[in-house]
Amino acid sequence: MGGFRIPVKKQWESDTIQPKPSPTILYVLQKHYTAQQLKSYKLVLFLKLVKHESLKDYLKFSKNFKQKWKRSVYWANKL
């Protein structure tokens with residue numbers, strides 16, 4: 001099995017709002033994608049995640065997704 005033998009403690013693991021997507025993934029996307037491609041990625045991620053939610057929780061999920069995305073952007077910029 002590959003990877004680290006000892007789990008690496010990431011800086012954002014202690015946050016109350018866990019970032020989505022992972023800040024390391026978002027860092028790579030920000031580095032190599034255009035703004036239009038990044039918006040498309042965000043939309044596709046949202047649609048993939050929202051299909052598992054019920055319609056009555058849509059507004060709550062949408063607000064929560066925006067918070068997680070902002071948190072991921074914050075940590076990606078710190079990397």
Side-chain angles (χ1 to χ4, degrees):
M1 182 190 293
F4 297 108
R5 296 189 186 274
I6 300 171
V8 176
K9 178 82 169 144
K10 296 170 185 76
Q11 297 171 338
W12 53 86
E13 286 181 357
S14 61
D15 273 356
T16 56
I17 299 173
Q18 289 298 304
K20 187 73 175 180
S22 174
T24 53
I25 299 296
L26 190 60
Y27 171 76
V28 171
L29 296 177
Q30 285 178 338
K31 187 175 179 182
H32 297 289
Y33 279 17
T34 64
Q36 183 69 26
Q37 288 174 319
L38 198 57
K39 285 181 182 180
S40 298
Y41 176 79
K42 183 177 179 181
L43 176 65
V44 169
L45 180 65
F46 179 80
L47 293 175
K48 282 183 180 180
L49 295 174
V50 80
K51 72 179 180 182
H52 300 293
E53 299 294 322
S54 65
L55 289 177
K56 65 181 179 180
D57 293 334
Y58 173 77
L59 293 176
K60 181 179 175 184
F61 174 79
S62 177
K63 179 183 170 191
N64 197 8
F65 180 80
K66 287 178 186 177
Q67 288 177 341
K68 289 180 177 186
W69 183 268
K70 284 182 183 179
R71 209 60 198 150
S72 184
V73 169
Y74 169 78
W75 282 110
N77 289 334
K78 285 196 104 170
L79 294 177

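It should be emphasised that the depicted structure is a prediction, and the values quoted were computed from it without experimental measurement.
One distance of note links CZ of F65 with OG of S72; it measures 9.5 Å at 0.5 Å rounding. To the nearest 0.5 angstrom, Q18 atom CD is 11.0 Å from N64 atom CG.
Pairs passing the side-chain hydrogen bond (donor to acceptor under 3.5 Å, both in side chains) check and including a residue from residues 40-54, sequence neighbours excluded, read S54-D57.
In this structure, the side chain to side chain contact (heavy atoms under 4.5 Å, CB included) partners of V28, at least two apart in sequence or on a different chain, are H32. F61 meets the ring pair (Phe, Tyr, Trp, His ring centres under 6.0 Å) test with F46; sequence neighbours excluded. With sequence neighbours left out, the salt bridge (charged side-chain N to carboxylate O under 4.0 Å, His left out) criterion links K9 to E13. Residues that satisfy the side chain to side chain contact (heavy atoms under 4.5 Å, CB included) test with I17, not counting sequence neighbours, are Q67, K68, R71. Q30 is linked by a side chain to side chain contact (heavy atoms under 4.5 Å, CB included) to L26, L38, V73, A76, N77, counting only residues two or more places apart in sequence or in another chain. Listed by chain and residue number, nothing satisfies the side chain to side chain donor-acceptor pair (under 3.5 Å) test with S62 (two or more places apart in sequence, or in another chain). Applying the side chain to side chain contact (heavy atoms under 4.5 Å, CB included) rule to Q11 yields the partners W75; only residues at least two apart in sequence or on another chain are considered.
Looking at heavy atoms from C-beta onward, P21 lies in side-chain contact with W69 at the 4.5 angstrom threshold. Within the 4.5 Å cutoff, the side chain of Y27 has no heavy atoms near those of the S22 side chain.
Hydrophobic clustering (ILVMFWY, side-chain heavy atoms < 4.5 Å, transitive): L47 and L29 are in one cluster.
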